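Worksheet: one structure, shown below.
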Amino acid sequence: MSDELNYVLQARREKIAALAALGVVPFAYGFDRQQFAGQCAALLGDAADGPVVHLAGRVVALRAHGKTTFAHLGDPSGRVQLYFKRDVVGEIAYAVCDLLDLGDVIGVRGPLFRTRTGEVTVRVEHLELLAKSLRPLPFGKEEEVDGKVVRHAAFADGEQRSRQRYADLAVHPEVRALFTARSRMTTAIRGFLDALGYLEVETPVLQSMYGGAAAKPFVTQHNALDMPLFLRIADELYLKRLVVGGFERVYEIGHDFRNEGTDRTHNPEFTMLEFYEAYADYTTMMGRVEALLIAAAGAVRDALTAAGLASDAPAFDAAVLAGPFPRMEWLPALSQALHVADVTAMTDAELKAAAERAGVHNIATLSRPKLMDELFQHHVESHIERPTFVVDYPKELSPLAKPKRGNPALTERFELFARGKELANAFSELNDPLDQRQRFEVQARLKAAGDEEATGVDEDYLRAMEYGMPPMGGVGVGLDRLFMYLTGTAHIRDVILFPTMRPE
RNA sequence: GACCCGGUAGCUCAGUCGGUAGAGCAUGCGGCUUUUAACCGCCAGGUCGUGGGUUCGAUUCCCACCCGGGUCACCA
């Protein structure tokens, strides 16, 4: 998009001069707003005439009829019609009205009344231009059909809507409502954890050693210290240090960064919730996750309902979200899906043949547990529709989880799935520093062998653990994906205000 | 990273089997003092993503690149 002034932009700039000739400054310092558009209907009630209102907002529709003009003013509460009549506002103000454009930010004052067609309207007596719009916002025209708003020639280019989210938001109230719902969801999650005595903390984004997950990091450089720093790929190791320190229930909501490709479920920076609770095991955490999800869904449902956006998305599905969520054991579920008595009894050749049929790639390079994991993803995970806990993962797939009591081949780990996607991942956390050191060393060897996602030995973390780390349960929840699930949104870019994109 | 699709006016799109492009809305001008996808009339508006190539001539065909989307790979 060029910044050269085309005829449209030029015309708006010329209006600045015309306004100056009328003695009007096109950019104000403030306005004494006393009501919102959404209140007007109630203020007028059934009467033909109502009280004077002071409103501010953006001109979202404009219809000039010579010596009268109709417009709609949009503000955070909704929109209301404005009626400008030359005999009422006066010559000067009407001249200003004639210079109004779609998108201008204005303040108005005047009494409410009802038009011939019954619409609640402000009979504008006083008009203030608060910010002249010098660039046309991509408003579509709207009409009401059977009570529903139909938008014509709307701003539809997904790329531009993401790049210019300010314009997307300005012309699409329902997009504002969606992001409002996201904010309410986060608030509800904070409230849920705070009520349980959790402490919200902040841990480093810039780390000299990254860990807590397997992912390629972003690297940056600290000039004064002359050293490389990594953007965190997980919060986990710092939060668990805090449990050692005596903060027994901690959580953090923040961005993690992973240097990977983008697609409909991946953005290089994304919002992660992690929470850790001393003396809890994964069973306790399962209950926490279930209650947290229900609380989050309630907040999303309430916010969307308030905006008139009730739908059939999962947040509105009482049956799905009532709990308790079904539980499914990893090994028996896989055995059942493969129609065998015990998947662990299958030979390597049988597993590979099954993987072949499932369309798994690079089968030759995969270990037995990885093959089984691929089969699990293909045959089980992708078919899970309603929120379901998958419990007790094989040890090889869960390097950070404690062995399962009574069956050391498994770990005390669960993941929550819905609509075929992972929503949460949790364990009874490993708190044995000797075991932890061995696992770090395995990672270090992988890293030395060229594995870009492996991490090194975090000596400081081991030192913390050696001081004595209480047993604890820990959970990670990707909030972008949780919100996507609850709202039925297909693309992560549609739930992130400013998704990562190449520059134009 | 591979493959497929797309990029034309401010917005939404059409089109040119190769002869420098159209519509609706928006903008500008004129008319209209209760309209609501307001209406009526007139005008203007485009390096057809960028750079090369073929050609008398390229927005159209070819190549490369840029940006986006989709599928796959990757993402324990």
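Naming: A, B, ... by sequence-line order, numbering from 1 per chain. Worth knowing before you read on, the calculation uses all heavy atoms, side chains too, and leaves out hydrogens, waters and symmetry mates. Just so we're clear, the structure is a prediction, and the values are computed from it rather than from any experiment.
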Problem - Side-chain N or O of A:Arg264 closer than 4.0 Å to phosphate OP1/OP2 of B:U71 - result: yes
Handout entry: Identified pairing partner of B:U47, criterion: Watson-Crick or G-U wobble below 3.5 Å
Key = none
Practice task
Could you check whether A:Arg12 gets within reach of a base, just the sugar-phosphate, or nothing at all, counting any heavy atom under 4.0 Å?
Solution key: nothing
Exercise for the section: Pick the P atom in B:U33 and in B:U16, then give their distance to the nearest Å. Expected result: 46 Å
Problem - Check: A:Gln81 side chain, B:U35 base, donor-acceptor under 3.5 Å - result: yes
Handout entry: N-O pairing of A:Arg151 and A:Glu142 below 4.0 Å
Key = yes
Practice task
Applying salt bridge (charged side-chain N to carboxylate O under 4.0 Å, His left out) between A:Lys240 and each of A:Glu429, A:Glu274, A:Glu252, report the one that passes.
Solution key: A:Glu429
Practice task
Could you check whether A:Ala64 gets within reach of a base, just the sugar-phosphate, or nothing at all, counting any heavy atom under 4.0 Å?
Solution key: base
Exercise for the section: Please check the phosphate of B:U34 (OP1 and OP2 only) for any side-chain N or O of A:Arg114 closer than 4.0 Å. Expected result: no
Handout entry: Gap in Å between the two C1' atoms, one belonging to B:G22 and one to B:G31, rounded
Key = 28 Å
Problem - For atom CZ of A:Arg493 and atom C1' of B:G70, their distance in whole Å - result: 10 Å
Exercise for the section: Please work out if A:Leu400 contacts a base, only the sugar-phosphate, or nothing of the nucleic acid, heavy-atom cut-off 4.0 Å. Expected result: base
Practice task
Please work out whether the ring planes of A:Tyr461 and A:Phe440 are parallel, tilted or perpendicular, with thresholds of 30° and 60°.
Solution key: perpendicular
Problem - A:Phe70, nearest nucleotide to its side chain (from B:C67, B:U34, B:A76) - result: B:U34
Practice task
May I ask you to decide whether A:Asp435 forms a salt bridge with A:Arg439, counting only side-chain N to carboxylate O separations under 4.0 Å?
Solution key: yes
Fill in the blank from the handout: Applying the 3.5 Å cut-off to both distances, the Watson-Crick or G-U partner of B:A38 turns out to be none
Practice task
Select base, sugar-phosphate, or nothing to describe what A:Ala215 touches, counting heavy atoms under 4.0 Å on all strands.
Solution key: nothing
Exercise for the section: Look at the side chain of A:Thr115 and the base of B:U35, then say whether one donor and one acceptor between them are separated by less than 3.5 Å. Expected result: yes
Problem - Nearest listed nucleotide, side chain of A:Phe155, among B:U27, B:C11, B:U35 - result: B:C11
Problem - Carboxylate-amine/guanidinium proximity below 4.0 Å for A:Arg405 and A:Glu412 - result: yes
Fill in the blank from the handout: Scanning all shown strands, the Watson-Crick or wobble mate of B:G68 with both distances under 3.5 Å is B:C5
Exercise for the section: Rounded off to whole Å, could you give me the CG-to-P distance for the A:Leu137 and B:U12 pair? Expected result: 13 Å
Practice task
Would you indicate what A:Arg413 reaches in the nucleic acid, counting non-hydrogen atoms under 4.0 angstrom: base, sugar-phosphate, or nothing?
Solution key: nothing
Problem - Pair A:Gln164-A:Gln160, side-chain donor/acceptor within less than 3.5 Å - result: yes
Exercise for the section: Name the pairing partner of B:G57, where a pair is Watson-Crick or G-U wobble with both distances under 3.5 Å, or state none. Expected result: none
Exercise for the section: Give the nucleotide from the list B:A26, B:U33, B:G68 with an atom nearest to the side chain of A:Val8. Expected result: B:A26
Problem - For atom CD of A:Glu374 and atom C1' of B:A76, their distance in whole Å - result: 10 Å
Practice task
Send over the distance from A:Glu142 CD to B:C25 C1', rounded to a whole Å.
Solution key: 14 Å
Problem - Candidates B:G68, B:A38, B:G28 - which lies nearest the side chain of A:Lys141 - result: B:A38
Practice task
Report the relative orientation of the aromatic rings in A:His172 and A:Phe155; use parallel for angles under 30°, tilted for 30 to 60°, perpendicular for over 60°.
Solution key: parallel
Problem - Under-4.0 Å side-chain N/O to phosphate OP1/OP2 contact, A:Arg502 with B:C67 - result: yes
Practice task
Identify which nucleotide among B:C11, B:C74, B:A26 has an atom closest to any side-chain atom of A:Asp263, counting heavy atoms from C-beta outward.
Solution key: B:C74
Exercise for the section: Would you classify A:Glu119 as touching base, sugar-phosphate or nothing, given that sugar-phosphate means primed atoms plus P, OP1 and OP2, and contacts are heavy atoms under 4.0 Å? Expected result: base
Practice task
Between A:Ala214 and A:Ala153, name the one whose nearest nucleotide on RNA chain B is closer to the 5' end.
Solution key: A:Ala153
Practice task
Using the C1' atoms only, state how far B:U71 lies from B:G18, rounded to an integer number of Å.
Solution key: 33 Å
Practice task
Take atom CD of A:Gln160 and atom P of B:G69, then tell me their distance rounded to the nearest Å.
Solution key: 11 Å
Handout entry: Base B:U34 to side chain A:Arg116, donor-acceptor N/O within 3.5 Å cut-off
Key = no
Practice task
Would you indicate whether the side-chain heavy atoms of A:Phe27 and A:Ile16 approach each other to under 4.5 Å?
Solution key: yes
Handout entry: Donor-acceptor pair, side chain of A:Arg63 and main chain of A:Phe70, under 3.5 angstrom
Key = no
Exercise for the section: Can you tell me, in whole Å, how much space there is between the C1' of B:C48 and that of B:A9? Expected result: 10 Å
Handout entry: Between B:G28 (C1') and A:Glu14 (CD): distance, integer Å
Key = 9 Å
Practice task
Hunt down the Watson-Crick or G-U wobble partner of B:G24, both distances under 3.5 Å, from any strand shown, or write none.
Solution key: B:C11
Exercise for the section: Please report, rounded to the nearest Å, how far the P atom of B:U27 is from the NZ atom of A:Lys132. Expected result: 10 Å
Handout entry: Interatomic distance at P, B:A21 relative to B:C25, whole Å
Key = 23 Å
Problem - Listed nucleotide nearest any side-chain atom of A:Pro138, set B:C11, B:U71, B:U27 - result: B:C11
Exercise for the section: Send over the distance from A:His152 NE2 to B:A37 P, rounded to a whole Å. Expected result: 8 Å
Handout entry: P atoms of B:C39 and B:U47, separation to the nearest Å
Key = 29 Å
Handout entry: Proximal nucleotide (of B:U35, B:U34, B:U27) relative to the A:Phe113 side chain
Key = B:U34
Fill in the blank from the handout: Walking RNA chain B from its 5' end, the first of A:Leu102 and A:Asp373 to be reached, judged by nearest nucleotide, is A:Leu102
Practice task
Using the C1' atoms only, state how far B:G15 lies from B:G51, rounded to an integer number of Å.
Solution key: 25 Å
Practice task
Evaluate whether the aromatic ring of A:His361 and the six-membered ring of the B:A73 base sit under 5.5 Å apart, centre to centre, with an inclination under 30°.
Solution key: no
Are there any protein N/O atoms within less than 3.5 Å of an N/O atom in nucleotides 5-7 of chain B, and if so, which ones and at what distance?
none

Problem - Between A:Thr271 and A:Arg182: side-chain donor-acceptor atoms closer than 3.5 Å - result: yes
Exercise for the section: Quote, to the nearest angstrom, the C1' distance that separates B:A73 from B:C17. Expected result: 39 Å
Problem - ring-ring contact (aromatic ring centres under 6.0 Å, His included) contacts in which one or both residues fall within residues 109-151 of chain A, not counting sequence neighbours - result: A:Tyr83-A:Phe113
Practice task
Hey, could you give me the CZ/CZ distance between A:Phe417 and A:Phe325, rounded to the nearest 0.5 Å?
Solution key: 14.0 Å
Handout entry: Given B:G28, B:A37, B:A76, the nucleotide with the shortest approach to the side chain of A:Glu143
Key = B:A37
